[in-house]
Amino acid sequence: MRIYNTMSRSVEPFESIEQGKVGMYCCGPTVYNYAHIGNLRTYIFEDVLRRVLEKNGYDVKHVMNITDVGHLTGDGDDGEDKMSKSAKEQGRSVWDIAAFYTKAFMDDITSLNIEKAKIICKATDHIADMIEVIKELERRGHTYTADGNVYFSIDTIDDYGKLARLNLEELREGARIEVDSAKRNPKDFVLWFTNSKFKDQAMTWDSPWGIGYPGWHVECTAMSMKYLGKHFDIHCGGIDAIPVHHTNEIAQSEAATGEKDWVHYWCHGEFLINDKGKMSKSSGEFLTLSTLLKHGYDALDYRYLCLGAHYRSQLKFSYEALDHARSARLSLIEKVKALKASSEPAKDLSEKALLYKKEFDDALDNDLHTPQALAALWSLLKDGGVRDGEKLALISYMDNVFALSLDKVTAERVGSDEDIALLNERSEAKKNKDYARADEIRKILMERGYVVKDTPSGSYLEKSV
(Lines give C-alpha, C1' and ligand atoms only; values in the text may rest on other atoms or scores of the structure.)
Protein backbone atom coordinates (compact mmCIF):
# COMPACT_ATOMS: atom_id res chain seq x y z
CA MET A 1 0.00 0.00 0.00
CA ARG A 2 1.21 3.50 -0.88
CA ILE A 3 -0.14 6.80 0.42
CA TYR A 4 0.62 10.48 -0.18
CA ASN A 5 2.41 12.06 2.76
CA THR A 6 1.93 15.82 2.93
CA MET A 7 5.12 16.14 4.97
CA SER A 8 7.30 14.76 2.16
CA ARG A 9 5.00 15.88 -0.70
CA SER A 10 5.28 12.39 -2.20
CA VAL A 11 3.49 9.05 -2.39
CA GLU A 12 5.27 6.71 0.01
CA PRO A 13 5.06 3.00 0.82
CA PHE A 14 2.96 2.61 3.96
CA GLU A 15 4.67 0.94 6.90
CA SER A 16 3.02 0.97 10.31
CA ILE A 17 4.99 1.58 13.49
CA GLU A 18 3.65 -1.62 15.03
CA GLN A 19 3.18 -4.57 12.70
CA GLY A 20 -0.47 -5.19 11.88
CA LYS A 21 -1.73 -2.15 13.81
CA VAL A 22 -2.39 1.45 12.80
CA GLY A 23 -3.03 4.49 14.98
CA MET A 24 -5.06 7.07 13.03
CA TYR A 25 -6.21 10.46 14.32
CA CYS A 26 -8.74 12.51 12.38
CA CYS A 27 -9.64 16.10 13.17
CA GLY A 28 -13.35 16.05 13.93
CA PRO A 29 -15.98 18.77 13.63
CA THR A 30 -16.34 21.99 15.57
CA VAL A 31 -19.94 21.50 16.62
CA TYR A 32 -21.33 25.02 16.33
CA ASN A 33 -23.25 24.43 13.08
CA TYR A 34 -24.15 21.67 10.67
CA ALA A 35 -21.29 20.05 8.76
CA HIS A 36 -21.43 21.16 5.14
CA ILE A 37 -20.93 18.67 2.34
CA GLY A 38 -17.37 19.88 1.82
CA ASN A 39 -16.58 18.91 5.41
CA LEU A 40 -18.26 15.56 4.83
CA ARG A 41 -16.12 14.89 1.78
CA THR A 42 -13.09 14.85 4.09
CA TYR A 43 -14.74 12.31 6.38
CA ILE A 44 -15.61 10.11 3.39
CA PHE A 45 -11.94 10.17 2.32
CA GLU A 46 -10.86 9.23 5.85
CA ASP A 47 -13.43 6.43 5.89
CA VAL A 48 -12.05 5.04 2.62
CA LEU A 49 -8.52 5.20 4.06
CA ARG A 50 -9.58 3.27 7.15
CA ARG A 51 -11.44 0.67 5.07
CA VAL A 52 -8.46 0.15 2.75
CA LEU A 53 -6.16 -0.29 5.73
CA GLU A 54 -8.57 -2.85 7.19
CA LYS A 55 -8.83 -4.57 3.80
CA ASN A 56 -5.06 -4.97 3.97
CA GLY A 57 -5.31 -6.67 7.33
CA TYR A 58 -4.53 -3.80 9.70
CA ASP A 59 -6.26 -3.32 13.03
CA VAL A 60 -7.00 0.42 12.90
CA LYS A 61 -7.35 2.40 16.12
CA HIS A 62 -9.29 5.34 14.73
CA VAL A 63 -9.58 8.37 17.02
CA MET A 64 -11.63 11.49 16.24
CA ASN A 65 -12.14 14.57 18.37
CA ILE A 66 -15.21 16.72 18.82
CA THR A 67 -14.26 20.38 19.25
CA ASP A 68 -16.87 21.87 21.56
CA VAL A 69 -14.74 24.69 22.99
CA GLY A 70 -11.79 26.88 22.02
CA HIS A 71 -12.06 27.12 18.23
CA LEU A 72 -12.13 30.80 17.31
CA THR A 73 -13.72 32.22 14.16
CA GLY A 74 -10.20 33.04 13.02
CA ASP A 75 -7.61 30.25 13.04
CA GLY A 76 -4.89 32.66 14.17
CA ASP A 77 -6.24 33.39 17.68
CA ASP A 78 -8.53 36.16 16.47
CA GLY A 79 -12.29 36.49 16.54
CA GLU A 80 -14.94 35.02 18.81
CA ASP A 81 -15.24 31.50 20.09
CA LYS A 82 -17.33 29.66 17.50
CA MET A 83 -19.42 27.89 20.14
CA SER A 84 -20.21 31.06 22.06
CA LYS A 85 -20.99 32.97 18.88
CA SER A 86 -23.46 30.32 17.73
CA ALA A 87 -25.07 30.16 21.18
CA LYS A 88 -25.63 33.93 21.22
CA GLU A 89 -27.09 33.93 17.72
CA GLN A 90 -29.51 31.10 18.51
CA GLY A 91 -30.36 32.09 22.08
CA ARG A 92 -29.30 28.70 23.47
CA SER A 93 -26.60 27.54 25.86
CA VAL A 94 -23.23 26.47 24.48
CA TRP A 95 -23.85 23.00 25.91
CA ASP A 96 -27.15 22.71 24.02
CA ILE A 97 -25.45 23.89 20.83
CA ALA A 98 -22.71 21.29 21.22
CA ALA A 99 -25.12 18.44 21.91
CA PHE A 100 -27.45 19.36 19.04
CA TYR A 101 -24.78 19.69 16.35
CA THR A 102 -22.82 16.67 17.57
CA LYS A 103 -25.92 14.53 17.07
CA ALA A 104 -26.55 16.12 13.67
CA PHE A 105 -22.99 15.28 12.62
CA MET A 106 -23.31 11.69 13.83
CA ASP A 107 -26.56 11.34 11.91
CA ASP A 108 -24.83 12.60 8.75
CA ILE A 109 -21.93 10.17 8.93
CA THR A 110 -24.32 7.29 9.64
CA SER A 111 -26.33 8.19 6.52
CA LEU A 112 -23.11 8.24 4.48
CA ASN A 113 -22.04 4.79 5.74
CA ILE A 114 -18.97 6.31 7.39
CA GLU A 115 -17.69 4.01 10.09
CA LYS A 116 -17.60 5.77 13.44
CA ALA A 117 -14.21 6.23 15.02
CA LYS A 118 -13.40 3.68 17.69
CA ILE A 119 -12.70 6.54 20.09
CA ILE A 120 -14.69 9.79 19.81
CA CYS A 121 -13.35 12.30 22.32
CA LYS A 122 -14.89 15.64 23.26
CA ALA A 123 -12.57 18.54 24.03
CA THR A 124 -14.55 19.47 27.14
CA ASP A 125 -13.90 16.01 28.61
CA HIS A 126 -10.13 16.42 28.28
CA ILE A 127 -9.33 19.82 29.80
CA ALA A 128 -7.06 18.24 32.42
CA ASP A 129 -5.05 16.50 29.69
CA MET A 130 -4.60 19.81 27.87
CA ILE A 131 -3.44 21.52 31.05
CA GLU A 132 -0.82 18.80 31.52
CA VAL A 133 0.51 19.35 27.98
CA ILE A 134 0.75 23.11 28.59
CA LYS A 135 2.53 22.55 31.93
CA GLU A 136 5.07 20.30 30.18
CA LEU A 137 5.63 22.92 27.47
CA GLU A 138 6.11 25.51 30.20
CA ARG A 139 8.58 23.27 32.02
CA ARG A 140 10.60 22.82 28.82
CA GLY A 141 10.76 26.58 28.18
CA HIS A 142 8.43 26.85 25.19
CA THR A 143 5.83 29.24 26.64
CA TYR A 144 5.38 32.76 27.94
CA THR A 145 2.47 34.61 29.55
CA ALA A 146 1.24 37.98 28.32
CA ASP A 147 -2.00 39.85 29.08
CA GLY A 148 -3.08 36.85 31.10
CA ASN A 149 -2.80 34.34 28.27
CA VAL A 150 -0.28 31.55 27.79
CA TYR A 151 1.46 31.53 24.39
CA PHE A 152 3.61 29.00 22.59
CA SER A 153 6.83 30.59 21.37
CA ILE A 154 7.72 29.29 17.91
CA ASP A 155 11.23 30.74 18.28
CA THR A 156 12.02 28.01 20.82
CA ILE A 157 12.01 25.33 18.10
CA ASP A 158 14.05 25.18 14.92
CA ASP A 159 11.59 23.69 12.42
CA TYR A 160 8.30 25.53 12.86
CA GLY A 161 6.18 25.39 9.72
CA LYS A 162 7.85 22.31 8.22
CA LEU A 163 4.53 20.72 7.22
CA ALA A 164 3.29 23.82 5.40
CA ARG A 165 6.85 24.76 4.35
CA LEU A 166 6.37 28.26 5.67
CA ASN A 167 8.99 30.94 5.06
CA LEU A 168 9.17 32.52 8.49
CA GLU A 169 11.22 35.55 7.42
CA GLU A 170 8.60 36.47 4.82
CA LEU A 171 5.86 35.97 7.37
CA ARG A 172 7.59 38.26 9.85
CA GLU A 173 8.03 40.99 7.24
CA GLY A 174 4.38 40.86 6.19
CA ALA A 175 2.84 40.25 9.61
CA ARG A 176 0.02 42.35 10.98
CA ILE A 177 1.31 42.55 14.54
CA GLU A 178 -1.68 44.62 15.59
CA VAL A 179 -3.81 41.44 15.57
CA ASP A 180 -2.31 40.56 18.97
CA SER A 181 0.32 42.95 20.29
CA ALA A 182 1.02 40.57 23.19
CA LYS A 183 2.71 38.09 20.87
CA ARG A 184 6.49 38.17 20.69
CA ASN A 185 6.30 36.63 17.24
CA PRO A 186 3.18 37.07 15.08
CA LYS A 187 3.07 33.30 14.49
CA ASP A 188 3.05 32.47 18.21
CA PHE A 189 -0.26 30.99 19.29
CA VAL A 190 -2.36 30.77 22.41
CA LEU A 191 -2.31 27.63 24.53
CA TRP A 192 -4.61 28.96 27.27
CA PHE A 193 -6.95 31.95 27.26
CA THR A 194 -7.89 33.45 30.63
CA ASN A 195 -10.83 35.62 31.64
CA SER A 196 -8.54 38.64 31.43
CA LYS A 197 -9.18 38.63 27.67
CA PHE A 198 -12.53 36.90 27.31
CA LYS A 199 -14.52 37.95 30.35
CA ASP A 200 -17.84 36.72 28.98
CA GLN A 201 -16.60 33.30 27.89
CA ALA A 202 -19.36 30.76 28.67
CA MET A 203 -17.09 27.73 29.06
CA THR A 204 -14.27 28.20 31.58
CA TRP A 205 -12.12 26.02 33.82
CA ASP A 206 -9.63 26.62 36.57
CA SER A 207 -5.95 26.26 35.65
CA PRO A 208 -2.49 27.18 36.98
CA TRP A 209 -2.70 30.34 34.84
CA GLY A 210 -6.17 31.42 35.88
CA ILE A 211 -9.76 30.69 34.97
CA GLY A 212 -10.13 30.33 31.24
CA TYR A 213 -10.22 27.86 28.40
CA PRO A 214 -7.78 26.12 26.05
CA GLY A 215 -6.62 27.16 22.64
CA TRP A 216 -7.92 25.10 19.74
CA HIS A 217 -4.60 23.57 18.69
CA VAL A 218 -3.66 22.10 22.06
CA GLU A 219 -6.88 20.07 22.11
CA CYS A 220 -5.79 17.75 19.31
CA THR A 221 -2.30 17.34 20.74
CA ALA A 222 -3.62 16.31 24.16
CA MET A 223 -6.28 13.93 22.87
CA SER A 224 -4.26 12.28 20.12
CA MET A 225 -1.33 11.57 22.43
CA LYS A 226 -3.63 10.37 25.21
CA TYR A 227 -5.11 7.65 23.01
CA LEU A 228 -2.35 6.97 20.46
CA GLY A 229 0.90 7.81 22.26
CA LYS A 230 3.88 10.05 21.48
CA HIS A 231 4.31 8.53 18.02
CA PHE A 232 1.51 7.29 15.82
CA ASP A 233 0.97 6.42 12.19
CA ILE A 234 -1.53 8.72 10.48
CA HIS A 235 -3.04 12.16 11.08
CA CYS A 236 -5.83 13.25 8.72
CA GLY A 237 -7.80 16.36 7.93
CA GLY A 238 -8.69 18.82 5.20
CA ILE A 239 -5.96 20.74 3.41
CA ASP A 240 -7.12 23.97 5.06
CA ALA A 241 -5.73 22.60 8.36
CA ILE A 242 -2.16 22.46 7.02
CA PRO A 243 -0.90 26.07 7.37
CA VAL A 244 -2.16 26.82 10.88
CA HIS A 245 -3.84 24.05 12.86
CA HIS A 246 -1.67 21.09 11.89
CA THR A 247 1.43 23.26 11.80
CA ASN A 248 0.79 24.35 15.39
CA GLU A 249 -0.10 20.83 16.49
CA ILE A 250 3.27 19.57 15.28
CA ALA A 251 5.15 22.43 16.95
CA GLN A 252 3.64 21.95 20.40
CA SER A 253 3.51 18.13 20.28
CA GLU A 254 7.15 17.67 19.37
CA ALA A 255 8.18 20.42 21.79
CA ALA A 256 6.25 18.74 24.61
CA THR A 257 7.93 15.38 24.07
CA GLY A 258 11.33 16.60 22.92
CA GLU A 259 11.11 14.13 20.03
CA LYS A 260 10.67 14.55 16.29
CA ASP A 261 8.47 12.61 13.86
CA TRP A 262 5.39 12.78 16.07
CA VAL A 263 3.22 11.56 13.18
CA HIS A 264 4.60 9.39 10.37
CA TYR A 265 2.03 10.15 7.65
CA TRP A 266 0.05 13.36 7.19
CA CYS A 267 -2.95 12.81 4.90
CA HIS A 268 -5.19 15.63 3.67
CA GLY A 269 -8.32 15.78 1.53
CA GLU A 270 -8.82 18.49 -1.05
CA PHE A 271 -11.64 21.03 -1.15
CA LEU A 272 -15.12 20.62 -2.48
CA ILE A 273 -15.72 23.71 -4.57
CA ASN A 274 -18.66 25.35 -6.28
CA ASP A 275 -19.02 28.19 -8.76
CA LYS A 276 -17.87 30.65 -6.09
CA GLY A 277 -14.84 28.65 -4.99
CA LYS A 278 -14.21 26.70 -1.79
CA MET A 279 -17.34 25.76 0.11
CA SER A 280 -17.19 27.15 3.65
CA LYS A 281 -19.42 28.19 6.51
CA SER A 282 -17.75 31.57 6.82
CA SER A 283 -19.15 32.61 3.45
CA GLY A 284 -22.67 31.93 4.73
CA GLU A 285 -23.37 29.90 1.61
CA PHE A 286 -22.97 26.18 2.10
CA LEU A 287 -24.92 22.99 1.50
CA THR A 288 -25.71 20.42 4.15
CA LEU A 289 -26.52 16.77 3.64
CA SER A 290 -30.07 17.41 4.81
CA THR A 291 -30.45 19.96 2.01
CA LEU A 292 -29.56 17.27 -0.54
CA LEU A 293 -32.02 14.87 1.08
CA LYS A 294 -34.78 17.48 0.89
CA HIS A 295 -34.07 17.74 -2.84
CA GLY A 296 -34.81 14.03 -3.18
CA TYR A 297 -31.28 12.65 -3.23
CA ASP A 298 -29.98 9.76 -1.19
CA ALA A 299 -26.95 10.31 1.06
CA LEU A 300 -25.18 7.55 -0.89
CA ASP A 301 -25.61 9.54 -4.11
CA TYR A 302 -23.24 12.07 -2.55
CA ARG A 303 -20.88 9.33 -1.36
CA TYR A 304 -20.79 7.96 -4.91
CA LEU A 305 -20.03 11.45 -6.25
CA CYS A 306 -17.07 11.72 -3.87
CA LEU A 307 -15.78 8.26 -4.79
CA GLY A 308 -15.70 9.36 -8.42
CA ALA A 309 -12.93 11.89 -7.71
CA HIS A 310 -9.51 11.30 -6.19
CA TYR A 311 -9.35 12.66 -2.66
CA ARG A 312 -6.36 14.89 -3.49
CA SER A 313 -8.10 16.59 -6.40
CA GLN A 314 -10.63 19.39 -6.05
CA LEU A 315 -14.19 18.25 -6.69
CA LYS A 316 -16.63 20.74 -8.17
CA PHE A 317 -20.12 20.28 -6.86
CA SER A 318 -23.20 20.86 -8.98
CA TYR A 319 -26.64 19.31 -8.96
CA GLU A 320 -25.96 18.10 -12.49
CA ALA A 321 -22.91 16.17 -11.25
CA LEU A 322 -24.99 14.79 -8.38
CA ASP A 323 -27.67 13.71 -10.88
CA HIS A 324 -25.04 11.73 -12.80
CA ALA A 325 -23.85 10.13 -9.57
CA ARG A 326 -27.39 9.18 -8.61
CA SER A 327 -28.07 7.73 -12.06
CA ALA A 328 -24.88 5.65 -11.90
CA ARG A 329 -25.64 4.41 -8.39
CA LEU A 330 -29.20 3.41 -9.29
CA SER A 331 -27.94 1.65 -12.41
CA LEU A 332 -25.47 -0.21 -10.25
CA ILE A 333 -28.28 -1.29 -7.92
CA GLU A 334 -30.34 -2.60 -10.85
CA LYS A 335 -27.41 -4.65 -12.07
CA VAL A 336 -26.88 -6.10 -8.60
CA LYS A 337 -30.59 -6.95 -8.40
CA ALA A 338 -30.35 -8.78 -11.70
CA LEU A 339 -27.34 -10.75 -10.53
CA LYS A 340 -29.00 -11.69 -7.26
CA ALA A 341 -32.13 -12.81 -9.09
CA SER A 342 -30.17 -15.35 -11.10
CA SER A 343 -27.28 -16.47 -8.89
CA GLU A 344 -25.59 -16.80 -5.51
CA PRO A 345 -22.10 -15.47 -4.63
CA ALA A 346 -19.39 -17.86 -5.77
CA LYS A 347 -17.04 -19.34 -3.20
CA ASP A 348 -14.15 -19.69 -5.66
CA LEU A 349 -13.00 -17.20 -8.26
CA SER A 350 -11.68 -17.95 -11.72
CA GLU A 351 -8.41 -16.55 -12.95
CA LYS A 352 -10.25 -13.90 -14.94
CA ALA A 353 -12.32 -12.82 -11.94
CA LEU A 354 -9.17 -12.59 -9.84
CA LEU A 355 -7.76 -10.11 -12.36
CA TYR A 356 -10.62 -7.74 -11.52
CA LYS A 357 -9.93 -8.17 -7.82
CA LYS A 358 -6.29 -7.31 -8.44
CA GLU A 359 -7.23 -4.27 -10.52
CA PHE A 360 -9.46 -3.05 -7.68
CA ASP A 361 -6.84 -3.70 -4.99
CA ASP A 362 -4.06 -2.07 -7.01
CA ALA A 363 -6.14 1.06 -7.56
CA LEU A 364 -6.86 1.54 -3.87
CA ASP A 365 -3.37 0.57 -2.74
CA ASN A 366 -2.08 3.28 -5.06
CA ASP A 367 -3.00 6.27 -2.86
CA LEU A 368 -6.71 5.42 -2.62
CA HIS A 369 -7.51 5.82 -6.30
CA THR A 370 -11.28 5.37 -5.97
CA PRO A 371 -12.11 6.45 -9.57
CA GLN A 372 -9.99 3.59 -10.92
CA ALA A 373 -11.51 1.21 -8.37
CA LEU A 374 -15.01 2.17 -9.55
CA ALA A 375 -13.90 1.64 -13.15
CA ALA A 376 -12.80 -1.89 -12.20
CA LEU A 377 -16.28 -2.56 -10.78
CA TRP A 378 -18.05 -1.35 -13.93
CA SER A 379 -15.71 -3.32 -16.20
CA LEU A 380 -16.46 -6.42 -14.14
CA LEU A 381 -20.21 -5.96 -14.49
CA LYS A 382 -19.94 -5.64 -18.27
CA ASP A 383 -17.71 -8.69 -18.74
CA GLY A 384 -19.74 -11.63 -20.05
CA GLY A 385 -16.78 -13.91 -19.46
CA VAL A 386 -17.13 -13.73 -15.67
CA ARG A 387 -19.85 -15.82 -14.03
CA ASP A 388 -22.68 -14.03 -12.20
CA GLY A 389 -21.78 -15.70 -8.92
CA GLU A 390 -18.20 -14.48 -9.23
CA LYS A 391 -19.47 -10.98 -9.89
CA LEU A 392 -21.59 -11.07 -6.75
CA ALA A 393 -18.66 -12.25 -4.66
CA LEU A 394 -16.45 -9.47 -6.00
CA ILE A 395 -19.14 -6.83 -5.60
CA SER A 396 -19.44 -7.77 -1.93
CA TYR A 397 -15.65 -7.58 -1.55
CA MET A 398 -15.44 -4.18 -3.28
CA ASP A 399 -18.33 -2.74 -1.34
CA ASN A 400 -16.42 -3.25 1.90
CA VAL A 401 -14.58 -0.12 0.75
CA PHE A 402 -17.17 1.65 -1.42
CA ALA A 403 -19.80 1.25 1.34
CA LEU A 404 -22.72 1.81 -1.05
CA SER A 405 -24.89 -0.77 0.76
CA LEU A 406 -24.83 -3.13 -2.22
CA ASP A 407 -25.06 -6.14 0.09
CA LYS A 408 -28.45 -4.82 1.22
CA VAL A 409 -29.81 -4.84 -2.32
CA THR A 410 -32.39 -7.59 -2.59
CA ALA A 411 -34.03 -9.17 -5.59
CA GLU A 412 -37.08 -11.25 -4.92
CA ARG A 413 -37.03 -14.42 -6.90
CA VAL A 414 -39.76 -14.22 -9.51
CA GLY A 415 -40.99 -17.45 -11.07
CA SER A 416 -41.37 -21.09 -10.12
CA ASP A 417 -38.60 -23.63 -10.38
CA GLU A 418 -40.00 -24.59 -13.78
CA ASP A 419 -40.02 -20.97 -14.95
CA ILE A 420 -36.43 -20.42 -13.78
CA ALA A 421 -35.38 -23.62 -15.55
CA LEU A 422 -36.93 -22.30 -18.76
CA LEU A 423 -35.11 -18.98 -18.29
CA ASN A 424 -31.80 -20.81 -17.84
CA GLU A 425 -32.53 -22.93 -20.92
CA ARG A 426 -33.14 -19.75 -22.89
CA SER A 427 -29.79 -18.35 -21.75
CA GLU A 428 -28.04 -21.53 -22.92
CA ALA A 429 -29.89 -21.37 -26.24
CA LYS A 430 -28.67 -17.80 -26.77
CA LYS A 431 -25.10 -18.83 -25.97
CA ASN A 432 -25.42 -21.62 -28.53
CA LYS A 433 -26.94 -19.14 -31.03
CA ASP A 434 -30.19 -21.11 -31.10
CA TYR A 435 -32.20 -17.95 -31.34
CA ALA A 436 -35.37 -19.70 -32.50
CA ARG A 437 -35.53 -21.71 -29.28
CA ALA A 438 -34.68 -18.61 -27.24
CA ASP A 439 -37.58 -16.70 -28.83
CA GLU A 440 -39.91 -19.64 -28.29
CA ILE A 441 -39.09 -19.73 -24.57
CA ARG A 442 -39.56 -15.97 -24.28
CA LYS A 443 -43.07 -16.35 -25.72
CA ILE A 444 -43.87 -19.18 -23.29
CA LEU A 445 -42.76 -17.06 -20.36
CA MET A 446 -44.72 -14.06 -21.63
CA GLU A 447 -47.85 -16.23 -21.80
CA ARG A 448 -47.23 -17.18 -18.18
CA GLY A 449 -47.30 -13.51 -17.21
CA TYR A 450 -43.58 -12.63 -17.14
CA VAL A 451 -41.35 -10.03 -18.77
CA VAL A 452 -37.85 -11.31 -19.54
CA LYS A 453 -35.21 -8.74 -18.59
CA ASP A 454 -31.85 -9.12 -20.34
CA THR A 455 -28.84 -7.28 -18.88
CA PRO A 456 -25.09 -7.56 -19.44
CA SER A 457 -24.99 -9.45 -16.14
CA GLY A 458 -27.66 -11.99 -17.08
CA SER A 459 -31.41 -12.42 -17.48
CA TYR A 460 -34.19 -12.40 -14.91
CA LEU A 461 -37.99 -12.37 -14.73
CA GLU A 462 -40.43 -9.66 -13.75
CA LYS A 463 -44.15 -9.98 -13.41
CA SER A 464 -45.89 -8.22 -16.27
CA VAL A 465 -48.29 -5.46 -15.27
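For the 3.5 Å distance criterion, the side chains of Asn39 and Tyr34 fail to qualify, holding no donor opposite an acceptor. In the model, His126 has a side-chain atom that pairs as donor or acceptor with a side-chain atom of Tyr227 under 3.5 Å. For Asp233 and Ser16, the side-chain atoms include no donor-acceptor pair closer than 3.5 Å. In this model, no donor atom of one side chain and acceptor atom of the other lie less than 3.5 Å apart for Tyr160 and Asp155. In the model, Ser86 has no side-chain atom that pairs as donor or acceptor with a side-chain atom of Asn33 under 3.5 Å.
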(request) Show your working on side-chain contact (heavy atoms from CB on, under 4.5 Å) between Ser111 and Tyr302 and close with a plain yes or no. (result) CA-CA 10 Å; Ser111 298; Tyr302 180 63; over 6 Å; no
(message) I'd like to know whether Glu115 forms a side-chain contact (heavy atoms from CB on, under 4.5 Å) with Glu54, so could you lay out the CA-CA distance, the side-chain angles of the two residues, the decisive distance to 0.1 Å, and finally the verdict.
(response) CA-CA 12 Å; Glu115 291 186 323; Glu54 290 174 341; 3.4 Å; yes
(message) Using side-chain contact (heavy atoms from CB on, under 4.5 Å), reason through Leu272 and Leu40 one step at a time and then give a plain yes or no.
(response) CA-CA 9 Å; Leu272 181 76; Leu40 294 172; over 6 Å; no
(request) Before giving the answer on side-chain hydrogen bond (donor to acceptor under 3.5 Å, both in side chains), spell out for Asp68 and Tyr101 the whole-Å C-alpha distance, their side-chain angles and the decisive distance to 0.1 Å. (result) CA-CA 10 Å; Asp68 54 358; Tyr101 288 115; over 6 Å; no
(message) Test side-chain contact (heavy atoms from CB on, under 4.5 Å) on Arg165 and Arg9; report intermediate values, then the result.
(response) CA-CA 10 Å; Arg165 301 190 176 180; Arg9 303 296 197 272; 3.3 Å; yes
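Contact of the Phe360 side chain with the Val401 side chain is registered, since non-hydrogen atoms from C-beta on lie closer than 4.5 Å. Using a 4.5 Å cut-off on side-chain heavy atoms (C-beta onward), Asp96 and Gln90 make no contact. The shortest side-chain heavy-atom distance between Leu228 and Lys61 falls under the 4.5 Å cut-off. Val63 has its side chain out of reach of Met223: every pair of non-hydrogen atoms, C-beta onward, lies at least 4.5 Å apart. Using a 4.5 Å heavy-atom cutoff, the side chains of Asp298 and Arg329 are in contact. Between Ile66 and Pro29 the shortest side-chain heavy-atom distance falls below 4.5 Å. Contact of the Val244 side chain with the Trp216 side chain is not registered, since no non-hydrogen atoms from C-beta on lie closer than 4.5 Å. In this structure the side chain of Tyr311 never reaches within 4.5 angstrom of the side chain of Leu49, judged on heavy atoms.
For Phe232 and Trp262, the ring centers are positioned less than 6.0 Å apart. With ring centers used as reference points, His36 lies 6.0 Å or more from Phe317.
Atoms CG and NZ, on Leu349 and Lys357 in that order, are 8.0 Å from each other to the nearest 0.5 Å. From Ile44, atom CD1 reaches atom OG1 of Thr370 across 10.0 Å, with rounding to the nearest 0.5 Å. We find the OH-OG distance between Tyr356 and Ser379 to be 5.5 Å, quoted to the nearest 0.5 Å. Of the inter-residue distances, the one linking Glu15 atom CD with Tyr265 atom OH reads 5.5 Å to the nearest 0.5 angstrom. The CG atom of Leu292 lies 5.0 Å from the CD1 atom of Ile37; values are rounded to the nearest 0.5 Å. Note: Arg51 CZ to Asp399 CG = 8.0 Å, rounded to the nearest 0.5 Å.
Heavy atoms only, all atoms of each residue included: Lys316 and Ala321 are closest at O-CB, 4.5 Å. Residue Arg50 comes nearest to Ala117 through the heavy atom pair NH1-CA, 3.8 Å, listed as atom of the first residue, atom of the second, then distance. For the residue pair Ala393 and Ala346, the shortest heavy atom distance occurs at CB-O, 3.5 Å. Between Tyr319 and His295 the shortest heavy-atom distance is OH-CE1, 3.7 Å. The minimum heavy-atom distance between Gly269 and Phe45, with the atom names listed, is N-CE2, 3.5 Å. Taking each heavy atom of Glu46 and Met24 in turn, the nearest pair found is O-CE, 4.0 Å.
Under a cut-off of 6.0 angstrom, the local environment of CD in Glu344 is sparse, with at most 12 non-hydrogen atoms contributed by other residues, nucleotides or ligands. For Lys294, the NZ atom sits in a loose shell: 12 or fewer heavy atoms of surrounding residues, nucleotides or ligands are nearer than 6.0 Å. Heavy atoms from other residues, nucleotides or ligands lying under 6.0 Å from NZ of Lys21 number 12 at most. Atom NZ of Lys55 sits in a crowded spot, with more than 12 heavy atoms from other residues, nucleotides or ligands closer than 6.0 Å.
Between Asp323 and Arg326, at least one side-chain nitrogen of the basic residue sits less than 4.0 Å from a carboxylate oxygen of the acidic one, meeting the salt-bridge criterion. Salt-bridge formation is detected for the pair Arg139/Glu136: a Lys NZ or Arg NE/NH1/NH2 atom is positioned less than 4.0 Å from an Asp or Glu carboxylate oxygen. At a threshold of 4.0 Å, the pair Lys162-Glu254 counts as salt-bridged, since one of the basic side-chain nitrogens sits closer than that to a carboxylate oxygen. With salt bridges taken as basic N to acidic carboxylate O contacts below 4.0 Å, one links Lys118 and Asp59.
At distances below 3.5 Å, not a single donor-acceptor pair connects side-chain atoms of Asp147 with backbone N or O atoms of Asn149. Thr6 contributes a side-chain N or O that, together with a main-chain N or O of Trp266, makes up a donor-acceptor pair within less than 3.5 Å. Proximity of a side-chain donor or acceptor of Thr145 to a complementary backbone N or O of Gly148 within less than 3.5 Å is not detected. In terms of modelled atom types and a separation under 3.5 Å, the side chain of Asp407 and the main chain of Ser396 share no donor-acceptor contact. In this structure, His231 contributes its side chain and Asp261 its backbone to a donor-acceptor pair below 3.5 Å. Distance alone, capped at 3.5 Å, is enough to place a donor-acceptor pair between the His310 side chain and the Asp367 backbone. Without hydrogens or angle criteria, Asp125 side chain to Lys122 main chain gives no donor-acceptor distance under 3.5 Å. The backbone N or O of Leu404 lies less than 3.5 Å from no partner atom in the side chain of Arg303, so there is not a single donor-acceptor pair. Checked by atom type and distance alone, the side chain of Ser224 pairs as donor or acceptor with a backbone atom of Thr221 at under 3.5 Å. Looking at Thr247, its side chain does come within 3.5 Å of a backbone N or O of Ile242 through a donor-acceptor pair.
When His235, His217, His268 are each tested for a ring pair (Phe, Tyr, Trp, His ring centres under 6.0 Å) with His245, only one passes: His217. Here the rule is side chain to side chain contact (heavy atoms under 4.5 Å, CB included) with Cys267, and of Ile234, Leu368, Asn5 only Ile234 fits it. Checking Trp209, Tyr144, Trp192 one by one against Glu138, the side chain to side chain donor-acceptor pair (under 3.5 Å) holds for a single residue, Trp209.
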